[in-house]
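Chain A is the first sequence line, chain B the second, and so forth, proteins listed ahead of strands; every chain is numbered from 1. All values derive from a computational prediction rather than experimental measurement.
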Protein chains: 2
Amino acid sequence: METKSENVCFGGMQGVYSHASAATGRDMTFGLFLPEEARDGPVPVLWYLSGLTCTHENAMTKAGAQAWAAEFGIALVFPDTSPRGEGVADDDSFDMGQGASFYVNATQDPWAKHFRMWDYVTEDLPELLFEEFALDPERQAITGHSMGGHGALTIGMGLGSSRFRSISAFSPMCRTMDSDWGTRQLGLYLGEDQDAWTPHDASHVMREKGFDGPVLVDTGTADQFWDKLKPGALAAAMTDRKQPGAFRLQPGYDHSYFFVSSFIEDHMRFHAEELYR
Amino acid sequence: METKSENVCFGGMQGVYSHASAATGRDMTFGLFLPEEARDGPVPVLWYLSGLTCTHENAMTKAGAQAWAAEFGIALVFPDTSPRGEGVADDDSFDMGQGASFYVNATQDPWAKHFRMWDYVTEDLPELLFEEFALDPERQAITGHSMGGHGALTIGMGLGSSRFRSISAFSPMCRTMDSDWGTRQLGLYLGEDQDAWTPHDASHVMREKGFDGPVLVDTGTADQFWDKLKPGALAAAMTDRKQPGAFRLQPGYDHSYFFVSSFIEDHMRFHAEELYR
């Protein structure tokens with residue numbers, strides 16, 4: 001593991017590190033905020049998965065999460081959104097390839113070699129984090145924005161409450177199996193057999209499995225990508241399943257980080273309640 | 001005036017606008033956050049001046065100020081740090097020319113034509129703002145970071161308490177007349193007669209004039225530019241003058257926005273107390 005930068009922040013430390021990842025076969029960069037409580041022993045951790053075109057950096061600099069992570073004594077992990085660099089497959093469009101992993105383990109060429117972000121986020125990076133830092137593996141929660149909201153929901157429900165105590169999402173892609181932000185990409189990553197896609201459609205997983213813990217979703221009513229996100233599918237699935245939690249619509253807000261930062265306090269409080277239960 | 005973007009944020013509106021500036025002779029871009037209280041009438045306003053290499057955008061996305069501006073009902077103005085674009089003089093170094101105005105009215109060629117940022121911030125932009133938006137000219141305060149901290153201090157003290165109720169600064173350049181971040185640039189902008197420099201040296205102005213209101217300065221003890229900022233000169237000047245306010249050193253913090261965001265709540269509370277007195 002290599003330290004790229006460390007900045008004192010809200011009494012804790014905002015670090016950026018890179019490490020050789022077995023899952024993706026590439027060096028991966030991630031951000032980690034440790035509150036000052038981590039000096040005295042393991043702290044709970046909130047995973048933050050970012051969206052299309054993002055790196056580990058966007059949420060780390062723009063979401064304003066550290067203020068509340070410091071307040072509540074919670075660590076924040078900001079993984080990158082895909083493998084990158086020479087030899088890693090890519091696509092000309094912003095919504096496929098580097099920066100657009102959709103958090104799947106690709107099975108199709110040329111993606112299968114490096115695009116194993118599900119394993120990276122659920123196995124590879126946790127292994128490193130809990131070995132290197134004062135983090136408590138028994139107290140994890142997950143959130144994310146846009147494609148990262150999709151990742152938080154699918155990974156959160158996929159691994160279930162034995163891994164995560166709570167799940168939240170900002171402006172998530174809710175129905176990848178029926179969206180321009182989903183069908184093309186899942187086809188390329190996973191092949192045409194749609195059975196392989198179902199674990200990567202948040203509304204499908206919600207309907208089939210749900211989550212044994214609370215789920216909080218926020219979407220802005222002025223979201224410019226509303227038609228691609230398909231929030232109605234997730235709201236219906238949560239309701240039909242009687243999923244504990246809330247699906248909230250925030251009037252006038254769009255898809256930007258100005259939306260995320262406006263409600264990050266709410267999400268941090270929501271997770272803190274579970275992480276310190 | 002042209003609207004570049006508007007995003008709902010913390011119940012208010014984060015806008016970005018451009019306008020033809022008489023002072024600089026160029027189109028200038030600025031950010032403006034209006035809290036929701038601005039719908040009902042004029043609100044107080046805090047000016048935020050940014051540092052070397054920054055645009056209107058850095059603080060707007062990374063400082064986390066909107067959370068507290070919304071809490072206290074204060075507008076935030078984020079001017080650009082210099083004129084830009086074709087026909088505007090520039091320099092190869094990052095600390096001179098575009099992105100590095102030092103908030104002076106240049107008198108020397110080739111800078112004199114467009115680099116009139118003192119006038120831009122004190123006359124041109126205020127005129128537009130108070131005409132176009134629900135802002136109260138009787139309740140203004142000013143802050144900034146690095147070269148913007150220098151700008152906040154020199155402009156704040158220069159115009160005095162009839163314009164600004166309070167002044168604060170993060171990691172300001174304190175002694176431009178004796179620093180690599182100052183002497184070369186003031187020479188190029190203002191000529192070799194150092195009498196013309198004195199209004200643009202925060203420690204000098206503090207010593208000679210001070211401010212009839214409170215001044216809050218925060219600098220990190222791990223600031224990587226400590227030697228260029230010369231904080232000791234300002235601390236001594238504030239103390240010798242018995243300037244009301246505080247010069248604070250924050251242990252372990254550096255020059256980054258992770259520092260600014262960590263203490264923005266303090267600064268917003270400090271200004272709110274004066275703006276709502």
Side-chain angles (χ1 to χ4, degrees), chain A residues 4-16 31-36 39 54 57-71 76 78 145 170-171 218-225 249-269, chain B residues 4-16 31-36 39 54 57-71 76 78 145 170-171 218-225 249-269:
Chain A
K4 312 283 275 190
S5 64
E6 288 186 328
N7 301 87
V8 173
C9 181
F10 288 98
M13 183 65 77
Q14 177 61 62
V16 175
L32 173 67
F33 172 75
L34 287 177
E36 63 182 339
R39 286 177 211 144
C54 290
E57 195 175 56
N58 300 63
M60 193 181 98
T61 54
K62 298 198 290 190
Q66 293 93 344
W68 305 105
E71 174 93 4
L76 299 167
F78 304 100
H145 174 233
F170 298 88
S171 333
D218 270 316
T219 299
T221 61
D223 195 305
Q224 58 269 50
F225 305 113
L249 294 178
Q250 302 293 359
Y253 287 88
D254 60 28
H255 200 71
S256 69
Y257 264 92
F258 294 114
F259 171 52
V260 175
S261 62
S262 296
F263 293 95
I264 195 75
E265 178 185 355
D266 273 13
H267 285 240
M268 294 297 302
R269 283 187 193 280
Chain B
K4 312 284 276 190
S5 64
E6 289 187 326
N7 301 88
V8 174
C9 182
F10 287 99
M13 183 65 80
Q14 177 62 60
V16 175
L32 174 67
F33 173 76
L34 286 177
E36 63 182 340
R39 286 177 212 143
C54 290
E57 194 174 59
N58 299 62
M60 192 181 99
T61 55
K62 299 198 291 190
Q66 292 93 344
W68 304 105
E71 175 92 4
L76 300 166
F78 304 100
H145 173 233
F170 298 88
S171 334
D218 269 316
T219 300
T221 62
D223 195 305
Q224 59 270 47
F225 304 114
L249 295 178
Q250 302 293 357
Y253 286 88
D254 60 27
H255 200 71
S256 69
Y257 265 91
F258 294 113
F259 171 52
V260 174
S261 62
S262 296
F263 293 95
I264 195 77
E265 179 185 354
D266 273 13
H267 285 240
M268 295 297 302
R269 282 186 193 282

**Prompt:** Are any of the side-chain heavy atoms of Asn58(B) and Tyr257(B) separated by less than 4.5 Å?
**Reply:** yes

**Message:** The criterion is ring pair (Phe, Tyr, Trp, His ring centres under 6.0 Å); which residues satisfy it with Phe263(A), sequence neighbours excluded?
**Reply:** Tyr253(A), Phe259(A)

**Prompt:** Using non-hydrogen atoms and a limit below 4.5 Å, what part of residues 59-67 of chain A faces chain B?
**Reply:** Met60(A), Thr61(A), Lys62(A), Gln66(A)

**Asked** Any chance the rings of His255(B) and Phe170(B) have centres within less than 6.0 Å?
**Response** no

**Asked** Below 4.5 Å, heavy atoms only, C-beta onward: do Phe78(A) and Leu32(A) meet side chain to side chain?
**Response** no

**Asked** What part of Glu6(A) is in contact with chain B, defined as an atom under 4.5 angstrom from a non-hydrogen atom: side chain, backbone, both or neither?
**Response** backbone

**Asked** Counting N and O atoms only, with roles assigned by atom type, does the side chain of Thr221(B) sit under 3.5 Å from a partner on the main chain of Gly252(B), one being a donor and the other an acceptor?
**Response** yes

**Item:** Top contributor to chain A interface from Ser261(B), Gly220(B), Ala70(B), Ser256(B) [non-hydrogen pairs under 4.5 Å]
**Value:** Ser261(B)

**Asked** So His267(A) and Asp218(A), side-chain hydrogen bond (donor to acceptor under 3.5 Å, both in side chains) or not? Walk me through it.
**Response** CA-CA 9 Å; His267(A) 285 240; Asp218(A) 270 316; 2.7 Å; yes

**Asked** So which part of Asn7(A) gets closer than 4.5 Å to some heavy atom of chain B, the side chain, the backbone, both or neither?
**Response** both

**Message:** Looking at every heavy atom in both Cys9(A) and Gln14(A), which two are closest together, and how far apart are they?
**Reply:** CB-CB, 4.1 Å

